[in-house]
Amino acid sequence: MSREVIMAKRSDYISWDEYFMGVAILAAQRSKDPNTQVGACIVSNDNKILSIGYNGMPLNCSDDDFTWERDTADDNKYFYTVHSELNAILNYRGGSLEGSKIYVTLFPCNECAKAIIQSGIKAVIYRDDLYKDTKEVKASKRMLKTAGVDIIEYQSTDRVLEITL
Ligand SMILES: Nc1nc(=O)n([C@H]2C[C@H](O)[C@@H](COP(=O)(O)O)O2)cc1CO
Ligand SMILES: [Zn+2]
């Protein structure tokens with residue numbers, strides 16, 4: 001009687017969380033913002049990537065013609081940049097984002113929180129919370145919590161992946 005030997009599968013594959021946060025981190029690398037690069041990845045509850053975004057100027061507003069200054073009152077990047085989360089929501093070409101989750105490298109601001117809530121996203125998985133002491137992020141958390149959106153801090157595994165591009 002012959003017994004079939006089944007080859008074991010790979011065991012060091014990345015987890016879903018590492019995969020989606022990794023995609024968000026890679027998307028952030030597309031940002032032209034000299035100070036802060038942010039990436040977002042929207043995922044369905046059956047783990048399909050629905051949309052991706054990073055922070056940048058609106059379509060047809062050249063990132064060479066608009067300023068990237070942050071501390072100049074008259075004209076600064078905050079007037080122009082679309083946040084990664086909003087870009088990911090607006091980039092979506094399917095039907096509804098109802099019930100999806102968003103992986104983001106930086107905690108969403110209050111404006112993005114509104115868009116997240118209104119688009120039906122039900123969970124925010126964030127990596128950094130650099131601006132947690134600002135009024136915007138406090139307002140964001142208040143809204144997200146009130147609206148029943150789960151807020152989950154990404155737990156780093158410290159896995160280092162090397163990719164040659
Ligand atoms: N969650 C976020 N998503 C984003 O895409 N951004 C963008 C807006 C700016 O382009 C940049 C922040 O610039 P700075 O204030 O750290 O120099 O990141 C900012 C936040 C912060 O709430
Ligand atoms: Zn925002």
Side-chain angles (χ1 to χ4, degrees), residues 16-45 49-94 96-157 163 165:
W16 287 120
D17 271 352
E18 289 174 319
Y19 177 36
F20 300 134
M21 191 56 83
V23 167
I25 291 167
L26 189 61
Q29 293 301 308
R30 282 280 310 151
S31 176
K32 318 300 183 307
D33 192 316
N35 195 51
T36 304
Q37 303 82 40
V38 189
C41 177
I42 304 178
V43 180
S44 69
N45 54 28
I49 293 178
L50 301 175
S51 191
I52 299 171
Y54 58 87
N55 55 322
M57 300 294 174
L59 275 180
N60 298 323
C61 297
S62 166
D63 38 40
D64 293 317
D65 296 342
F66 289 81
T67 183
W68 287 103
E69 288 287 343
R70 61 197 300 269
D71 299 320
T72 40
D74 284 351
D75 194 26
N76 59 63
K77 66 178 181 181
Y78 301 107
F79 293 144
Y80 310 114
T81 47
V82 183
H83 289 191
S84 71
E85 305 92 312
L86 188 59
N87 262 333
I89 291 169
L90 298 173
N91 285 341
Y92 183 49
R93 288 291 171 273
S96 166
L97 291 174
E98 194 69 48
S100 63
K101 43 195 175 170
I102 186 165
Y103 286 75
V104 62
T105 60
L106 183 59
F107 199 95
C109 74
N110 60 315
E111 292 299 332
C112 290
K114 295 177 203 173
I116 288 168
I117 294 165
Q118 295 301 74
S119 63
I121 294 172
K122 288 288 180 281
V124 171
I125 301 99
Y126 68 97
R127 188 182 58 165
D128 302 326
D129 199 4
L130 201 65
Y131 294 124
K132 62 174 182 295
D133 296 327
T134 64
K135 289 175 189 160
E136 287 81 357
V137 170
K138 285 179 183 167
S140 170
K141 285 178 182 165
R142 182 178 171 199
M143 275 188 285
L144 291 169
K145 279 179 195 157
T146 306
V149 176
D150 292 335
I151 299 174
I152 302 156
E153 184 178 4
Y154 173 73
Q155 300 300 316
S156 172
T157 58
I163 49 175
L165 301 172

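What you see below is based on every heavy atom in this structure, not just the backbone, and it leaves out hydrogens, waters and symmetry mates. One-based numbering, in listed order, for ligands and for the atoms of each.
Distances from the Zn ion (ligand 2) to each N, O or S atom of H83 single out ND1 as the nearest.
Relative to atom 1 (N) of ligand 1, the option among H83, E136, E85 with the closest non-hydrogen atom is E85. With atom 17 (O) of ligand 1 as the reference point, the heavy atom nearest to it among Q37, K77, K132 is part of K77.
Looking from atom 21 (C) of ligand 1 to the surrounding protein, the closest heavy atom is L106 CD2, 3.6 Å. Given atom 18 (O) of ligand 1, the protein heavy atom at minimum distance is N55 ND2, 3.2 Å. Closest to atom 12 (C) of ligand 1, if we only count protein heavy atoms, is T36 CB, 3.7 Å. Considering only non-hydrogen protein atoms, atom 5 (O) of ligand 1 sits nearest to S84 N, 2.9 Å.
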side-chain contact (heavy atoms from CB on, under 4.5 Å), that's the test. Do Y19 and I49 meet it? Break it down for me. CA-CA 10 Å; Y19 177 36; I49 293 178; 4.0 Å; yes

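Below 4.0 Å from some heavy atom of D33 lie the following atoms of ligand 1, by number and element: 9 (C), 10 (O), 11 (C), 13 (O). Of all the atoms in ligand 1, the ones that sit under 4.0 Å from a non-hydrogen atom of N35 are 14 (P), 16 (O), 17 (O). Within ligand 1, counting atoms from 1 as listed, the ones closer than 4.0 Å to a heavy atom of C109 are 1 (N), 22 (O). Residue-ligand proximity, T81 to ligand 1, at heavy-atom distances under 4.0 Å covers atoms 10 (O). Ligand-side atoms of ligand 1 in range of Y131: 14 (P), 15 (O), 16 (O), range being under 4.0 angstrom from any heavy atom.
For P108, the closest heavy-atom approach to ligand 1 falls below 4.0 Å. The closest approach between a heavy atom of Y78 and any atom of ligand 1 is below 4.0 Å.
For the pair K132 and F107, the cation does not sit on the ring face, since its NZ or CZ is not both under 6.0 Å from the ring centre and inside 45° of the axis.
A donor-acceptor pair under 3.5 Å is absent between the side-chain atoms of K141 and the main chain of A139, judged by distance alone. Side-chain atoms of Q118 do not come within 3.5 Å of backbone N or O of I116 as any donor-acceptor pair. Under the 3.5 Å distance criterion, the side-chain polar atoms of W68 are left unmatched by any main-chain donor or acceptor of N35. Distance alone, capped at 3.5 Å, places no donor-acceptor pair between the S51 side chain and the I42 backbone. Side-chain N or O atoms of T105 include none that pairs as donor or acceptor with a backbone N or O of A24 at under 3.5 Å. With hydrogens and angles ignored, the 3.5 Å screen pairs a side-chain donor or acceptor of N55 with a backbone N or O of V38.
Closest of all the heavy-atom pairs between T67 and E69 is OG1-N, 2.9 Å.
No side-chain N or O of Y80 forms a donor-acceptor pair with one of D63 less than 3.5 Å apart.
Residue-to-ligand polar distances place F107 within reach of ligand 1: an N/O pair is separated by less than 3.5 Å. In terms of polar-atom proximity, W68 is not counted as a contact of ligand 1, lacking any N or O under 3.5 Å from an N or O of the ligand.
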